[in-house]
Protein chains: 2
Amino acid sequence: MTIHHQPDNAAPNKDLIDAVRAFNRFYTRQIGLLDEGLLKSAFSLTEARVLYELAHRDGLTATDLGRDLGLDAGYVSRLLKKFERLHLISRATLASDARQSTIALTPAGRNAFAPLNKDSHDQVAALLDRLPTSEQDRLVNSMRTVQRLLDDGAEPKIPYLLRPPQVGDIGWITRRQGMLYAQDYGWDETYEALVAEILANFVKSYDPKWERGWIAEREGEVVGSVFVVRKSDQVAKLRLLYVEPSARGLGIGKRLVEECIGFARARGYKTLTLWTNDILTAARHIYQAAGFRLTEEEPHHSFGKDLVGQNWDLDL
Amino acid sequence: MTIHHQPDNAAPNKDLIDAVRAFNRFYTRQIGLLDEGLLKSAFSLTEARVLYELAHRDGLTATDLGRDLGLDAGYVSRLLKKFERLHLISRATLASDARQSTIALTPAGRNAFAPLNKDSHDQVAALLDRLPTSEQDRLVNSMRTVQRLLDDGAEPKIPYLLRPPQVGDIGWITRRQGMLYAQDYGWDETYEALVAEILANFVKSYDPKWERGWIAEREGEVVGSVFVVRKSDQVAKLRLLYVEPSARGLGIGKRLVEECIGFARARGYKTLTLWTNDILTAARHIYQAAGFRLTEEEPHHSFGKDLVGQNWDLDL
DNA sequence: CCGATTTACTTGACGCAGTCAACTATTAGA
DNA sequence: TCTAATAGTTGACTGCGTCAAGTAAATCGG
């Protein structure tokens, strides 16, 4: 994540800290349980971890191993020496640096690792097997979330991808927009209801030739969306653009608007129009940058607030 | 969780297993990092874990500690002897069993534990502090989910609670109902849209005297809901009853229907009616048990399927 | 290009976390 | 009442992992 150090972090709440500590204690025990299973093998847990890394990554040096697994350099050295004595690994001194060598499992090493790997696999399979599949998905999603949030270095390879809407999306978008604008601007539940209504109508009267929606997904989670609906032969309307706060700064908003413009052009619309509110400055900048022009402004009272609505048009 | 061993679990997917294993490797490292911080103190990680348990729970015996922390009995014995030598703990032989004794921290023990506890607290606080508050919440929620799913023994103290709808709920309910019926019965996205429309209208024309919604929450997550809307002076309509698969068997569906009936009676309605489909047998059983009678049945084609709609009435 | 510093890895020495098995004292069960 | 199980203790031991000193190679600063 690059989106850290935002201004909204006061001293973390004590309940949250206690919850994290409780989880750490819990997972310490959990890992201890899983390790007991491996205890039967000829290798220690740490040895197994080293073998795992060697089996799954190429070109590792001793220092890499020590750093990534959090091990003492001397200890790594000894482990590798033991593996070498057992002919489980081979080392090749780097051409570029005679101090370092890359370590690779030999076929014998792979053979030694295979049963370890299988045991670990089976153990996790047994763990998952206790849960119904829907809960398995939730478990793994939650794990991924934890990992991504804690692991600063884990930038996703694909920053985001766009896909068409599918079942579950319109509810999710309704919820997120409702919550975001409630949180940021104090809008009441009628805004969420408006989003629900717009999306319900989009689905009900969906005309694939003239209308379209895009969902931005990051790490399997919906982080943004936008819709284009037909107002007339000549005019298309862009609706419900939003990007999750956690995914801002990646250019997703700009990209979504570009998709809309491209689609509207390709379908032969003459104008792309949209309605927004003046307080949504981030969105306005995107619209301006894309070439939209403000055509109309009028105050209105909606969502429990006094607002200024704006219409923006883009000639295609 | 008691809801395990449901018929829907085939052999777990390999991707899921790999994701769990990746998480285990990641968290092994994470815990290792956190432990390094404690390394400065006079106590080992395991000693610190024992002190933590002693500080937070009363009446523990040596066996309790060994079991809960996954430690060897001999090792626990030695640890306790060391603590006793340092006057950190006191033991009191149980009146009921002269073999056992309960272990308690002495004031000196609490003093020794305090800095450890503070270090751990501060370390976690620093970890959380890197994240904006919204992400902190997500992290903790995900951790709680992981813990609850993996920890069989962790039945929530409060099985569920009911509360009024709030911002974000209608989107969530839309999503979950859409996804559930898509998964279980193959209904298409128009069902999700229908839910969105119903809920949008509920909010827009909400009349608190005559209408109401209930959200069932379990461990902070929405696991069910129901709504009562006014059809006429005499007739109220129950809508959108659903309970998450993971929360079935707790009587939530029955309870939600009872709330509706109680509300409708209190408001002086003469009839509570509802529309459902014959394939939704679980719901039908709840309606029947609550005294509803089937008044009408007719086939219809909706949500991409041939269905049989049913009207049920309850005289209040 | 040279000396100083850093980096990659090795090695000896060692402590103590954690295991295993044998043993005592007490309780529970048949 | 005798046997089996449980709670806890202790001796003996293994080996995981740490620490510090050392070597060889690479890099840096002038």
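Chain letters run A, B, ... following the sequence lines, proteins first and then strands; every chain starts at 1. This one's a predicted model, so the numbers in the text were calculated from it and none came from an experiment.
Here B:Glu221 pairs with A:Arg138, B:Arg148 under the side-chain hydrogen bond (donor to acceptor under 3.5 Å, both in side chains) rule; sequence neighbours left out. Under the rule for a side-chain hydrogen bond (donor to acceptor under 3.5 Å, both in side chains), A:Lys81 has no partner lying at least two apart in sequence or in another chain. Annotation: salt bridge (charged side-chain N to carboxylate O under 4.0 Å, His left out) contacts of A:Asp68 (sequence neighbours excluded): A:Arg57. Considering only residues two or more places apart in sequence or on other chains, B:Thr61 meets the side-chain hydrogen bond (donor to acceptor under 3.5 Å, both in side chains) condition with B:Asp64. Scored by the salt bridge (charged side-chain N to carboxylate O under 4.0 Å, His left out) test, A:Arg255 finds A:Glu259 as partners (sequence neighbours excluded). Under the rule for a side-chain hydrogen bond (donor to acceptor under 3.5 Å, both in side chains), the partners of A:Arg163 that lie at least two apart in sequence or sit in another chain are A:Asp169, A:Glu217.
Remark on the helix from C:dC1-D:dG30 to C:dA30-D:dT1: inter-end axis angle 40°, axes from five-pair C1' superpositions, rounded to 10°.
Side-chain contact, A:Ser120 with B:Arg21: a donor N or O sits under 3.5 Å from an acceptor N or O.
Where A:Asp72 and A:Ala95 meet DNA chain D, the nucleotide closest to each residue was compared, and A:Asp72 sits on the side nearer the 5' end.
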Check the interface with nucleotides 6-10 of chain C: list each N/O to N/O pair with the protein under 3.5 Å, or write none.
unit_1	atom_1	unit_2	atom_2	d
C:dT7	O2	A:Arg99	NH1	2.2
C:dC9	OP1	A:Ser101	N	3.4
C:dC9	OP2	A:Thr63	N	2.7
C:dC9	OP2	A:Thr63	OG1	2.0
C:dT10	OP1	A:Arg91	NH1	3.0
C:dT10	OP2	A:Ser77	OG	2.9
C:dT10	O5'	A:Ser77	OG	3.4

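Nearest nucleotide to the side chain of A:Ser44, out of C:dA17, D:dC16, C:dC20: D:dC16.
Residue pairs satisfying the salt bridge (Lys or Arg N to Asp or Glu O under 4.0 Å) criterion with at least one member in residues 86-110 of chain A, sequence neighbours excluded, are listed as follows: A:Glu84-A:Arg91, A:Asp97-A:Arg99.
Taking atom NZ of residue B:Lys82 and atom C1' of nucleotide C:dG18, one finds them 14 Å apart after rounding to whole Å.
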